[in-house]
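A short write-up of the structure that comes next.
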2 protein chains.
Amino acid sequence: MAGIAEVAARAGVSKATASRALSGTGYVSDATRERVRRAADDLGYVPSAGAVSLATGRTQTIGVVMPYVNRWFFAEVLEGIQRSLLERGLDLTLYDAKPGTEGRARIFDDFLARKRFDGLIAVGLEPVNQELERLTRIGRPIVSVVGDGEETSVVAVDDDYAARRATEHLIGLGHRDIAFVGGAPESHWAHVDQQRLAGYQRAMNDAGLADRVRHVHSPVTMPGGYAASVDLLGDARRRPSAIVGVCDEVAIGTIIAARRLGISVPSALSVVGIDDHEFADMFALTTLQQVPREQGTAAVELLLAEIADPPRARTRLRIPSRLIVRNSTAPMDGIDPGAPLL
Amino acid sequence: MAGIAEVAARAGVSKATASRALSGTGYVSDATRERVRRAADDLGYVPSAGAVSLATGRTQTIGVVMPYVNRWFFAEVLEGIQRSLLERGLDLTLYDAKPGTEGRARIFDDFLARKRFDGLIAVGLEPVNQELERLTRIGRPIVSVVGDGEETSVVAVDDDYAARRATEHLIGLGHRDIAFVGGAPESHWAHVDQQRLAGYQRAMNDAGLADRVRHVHSPVTMPGGYAASVDLLGDARRRPSAIVGVCDEVAIGTIIAARRLGISVPSALSVVGIDDHEFADMFALTTLQQVPREQGTAAVELLLAEIADPPRARTRLRIPSRLIVRNSTAPMDGIDPGAPLL
DNA sequence: TTGAAAGCGGTACCAA
DNA sequence: TTGGTACCGCTTTCAA
């Protein structure tokens with residue numbers, strides 16, 4: 001309840017001086033600063049956020065928009081962002097913008113327009129045109145995590161590369177019958193998934209396996225990958241010898257399906273994912289690592305820089321990912337496609 | 001950028017009238033209101049959050065504190081909260097307070113003290129005494145999700161009951177050798193886990209199986225449950241015929257471990273969890289359902305009521321959970337403890 | 001180095 | 001039913 005006026009009174013100075021002493025802006029003698037500080041402490045003074053933001057135009061808050069919080073990647077990015085902001089004393093306001101919901105429309109139409117933040121981080125948002133327009137007219141710095149937007153700065157891994165590398169790993173092991181699992185039919189499709197499929201296709205083409213390209217649709221979730229894989233692997237005749245999952249969640253779904261069906265991984269089926277999910281180790285999943293937490297912290301740094309020092313050109317931070325070989329992939333040689341059991 | 005003054009000017013009224021017309025407070029003729037509305041629309045007027053909160057003392061924001069966002073339960077609760085707030089036009093500020101981190105200390109010492117919210121929802125926080133003290137001195141309504149706190153209103157399932165019911169289900173199937181997996185050594189231990197262990201113990205006692213009580217420690221995660229279960233199930237002689245997981249994540253870890261070891265579920269091992277996790281169906285897990293999303297929305301309703309109409313007595317909302325029988329539990333009769341294979 | 005005072009953009013009381 | 005005006009609590013010129 002104590003305001004800066006009381007702090008000033010107690011320290012025997014004016015509000016102006018108290019403000020300067022506390023915020024570290026402008027000239028204040030060391031002695032006074034000390035006195036003001038002590039007064040503030042004694043009174044348990046906490047500045048009123050509303051007043052500060054009214055006076056300065058800064059909210060000390062960063063907005064985060066994402067379509068999910070309950071998927072590994074998003075939750076990890078969120079944690080990374082949160083940690084960075086915490087260190088800097090900034091608040092985080094979360095907007096959960098699920099595609100195709102009216103809540104999402106409200107977020108773009110109402111919530112974001114309020115500008116209750118100094119900058120915005122958009123994680124895997126994949127805004128459609130109209131949404132993009134809303135975003136840019138906010139007039140606050142924006143950093144995207146994931147995506148290809150020209151409109152904002154971006155932090156992302158090279159999805160095309162990751163999938164290509166994953167596929168090449170399998171090809172290197174002698175596999176030729178390699179399917180790509182995950183992602184919806186091409187029409188309404190996430191950009192990441194497209195990039196990864198493209199990387200897979202490129203690797204297949206480059207190896208002269210263009211005719212073996214096979215894309216199995218599936219929701220990008222563990223249960224989704226599981227269901228799709230039960231289908232795919234059910235018929236021994238159509239079964240590939242290796243699978244690239246669009247992400248670890250799908251790849252793990254595949255492994256679970258394989259175990260369910262008594263197909264041994266990796267001796268009868270190789271599986272590779274992209275992510276290095278927290279469960280990857282438990283399933284001995286070979287994967288292309290990305291560290292979303294670091295993408296989150298990188299996004300914060302980039303955003304704060306753009307807030308402090310207005311937007312020159314857009315920055316594009318492409319993060320490399322490396323192959324982590326565990327035990328879900330094996331050379332083709334040993335495979336007996338007819339052998340279904342563990 | 002347009003302020004209420006410009007809206008007022010355009011509508012040919014005073015700021016006061018414009019404010020009343022827009023906020024719906026106080027008398028305004030229909031004609032004027034209409035005129036003001038139109039003016040606001042034309043100008044794309046959006047009130048400044050800082051000014052509003054300075055003037056009214058309300059932030060139109062709800063704070064949410066939780067120790068994790070990357071675990072199923074927490075993410076679901078968060079989504080429930082988010083959805084409710086979205087409908088009401090309220091912002092959500094997230095505080096990620098991981099136990100034992102210095103970030104957590106900062107949250108309690110600095111962030112929460114700023115009161116940048118009209119009310120607070122604490123999800124599975126399990127505050128220690130000093131933290132609790134901080135919480136109460138904020139002087140804003142607080143609702144807890146999970147927990148037993150006397151200090152705040154609470155929304156939670158009856159954990160003791162859920163675990164008891166789960167255990168009774170197994171006992172009813174003829175199992176006697178039932179272990180409880182999950183939770184740290186008693187010392188620094190989450191309240192939920194304690195309650196659930198207690199429920200398990202009670203059911204065992206009531207069935208005259210007190211001497212069979214067995215608590216296997218494990219991190220409350222899927223990989224944690226997996227690792228602990230590999231240990232537990234590895235030695236056929238010590239192997240129980242059934243397991244109660246402290247939550248679905250642990251129970252699923254157990255199932256995965258069992259499959260890994262070639263122990264068939266449910267014919268050689270019954271497993272029951274608590275949650276009805278999104279993966280429960282995929283693993284055919286029998287479980288006691290809770291719907292965290294609904295706990296989130298309930299918490300919002302409770303909190304808003306307390307904000308609107310100050311805190312009479314603390315409310316305690318205990319949500320019942322029901323048994324969902326899938327295919328991870330089976331009668332004891334058929335079990336041949338010696339038979340390890342699928 | 002410090003203080004007085006004018007905003008920042010609304011809300012709400014009091015008169016008219 | 002409407003308008004004038006005093007705040008809300010802090011920052012920031014501008015003078016002293």
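Residue numbers start from 1 in every chain, and the chains themselves are labelled A, B, ... in the order their sequence lines are given, proteins ahead of strands. Just so we're clear, the structure is a prediction, and the values are computed from it rather than from any experiment.
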Does atom [atom1] of [X] have more than 12 heavy-atom neighbours, drawn from other residues, nucleotides or ligands, at distances under 6.0 Å?
X	atom1	value
Arg88(B)	CZ	yes
Glu87(B)	CD	yes
Glu133(B)	CD	yes

Under 3.5 Å donor-acceptor, Thr101(B) side chain and Ala97(B) backbone: no

Ser48(B) side-chain N/O to dG10(C) phosphate OP1/OP2 under 4.0 Å: no

Short side-chain N/O contact to dT2(D) OP1/OP2 from Thr17(B), under 4.0 Å: no

[X] [atom1] to [N] [atom2]: how many Å, rounded?
X	N	atom1	atom2	value
Ile4(A)	dC8(C)	CD1	P	19 Å
Lys115(B)	dG9(D)	NZ	P	12 Å
Leu43(B)	dG9(C)	CG	C1'	15 Å

What pair of heavy atoms forms the shortest contact from [X] to [Y], and how long is it?
X	Y	value
Gly63(A)	Phe117(A)	N-CB, 3.5 Å
Ile138(B)	Lys115(B)	O-NZ, 3.4 Å
Leu54(B)	Gly50(A)	CB-C, 4.5 Å
Asp96(B)	Gln82(A)	CB-CG, 3.2 Å

base_contact_polar (dG10(C) base, Lys15(B) side chain, donor-acceptor, <3.5 Å): yes

Close side-chain approach of Leu120(A) to Leu135(A), heavy-atom, < 4.5 Å: yes

Min side-chain heavy-atom separation Leu43(B)-Glu6(B) under 4.5 Å: yes

End axis versus end axis in the helix from dT1(C)-dA16(D) to dA16(C)-dT1(D), the angle rounded to 10°, five pairs used at each terminus: 40°

Residue pairs involving residues 20-70 of chain A (criterion ring-ring contact (aromatic ring centres under 6.0 Å, His included); sequence neighbours excluded): Tyr68(A)-Phe74(A)

Any residue of residues 25-36 of chain B with a heavy atom less than 4.0 Å from an atom of DNA chain D: Tyr27(B), Val28(B), Ser29(B), Thr32(B)

Within residues 51-59 of chain B: residues closer than 4.0 Å to DNA chain D (heavy atoms): Leu54(B), Ala55(B)

I'd like a table of atom pairs between the protein and nucleotides 13-16 of chain D - only N or O on both sides, under 3.5 Å - with the distance next to each one.
none

Face-on cation placement of Arg114(B) at Phe111(B) ring, 6.0 Å and 45° thresholds: yes

Inter- and intrachain pairs under side-chain hydrogen bond (donor to acceptor under 3.5 Å, both in side chains), touching residues 12-21 of chain B, at least two apart: Ser14(B)-Thr17(B)

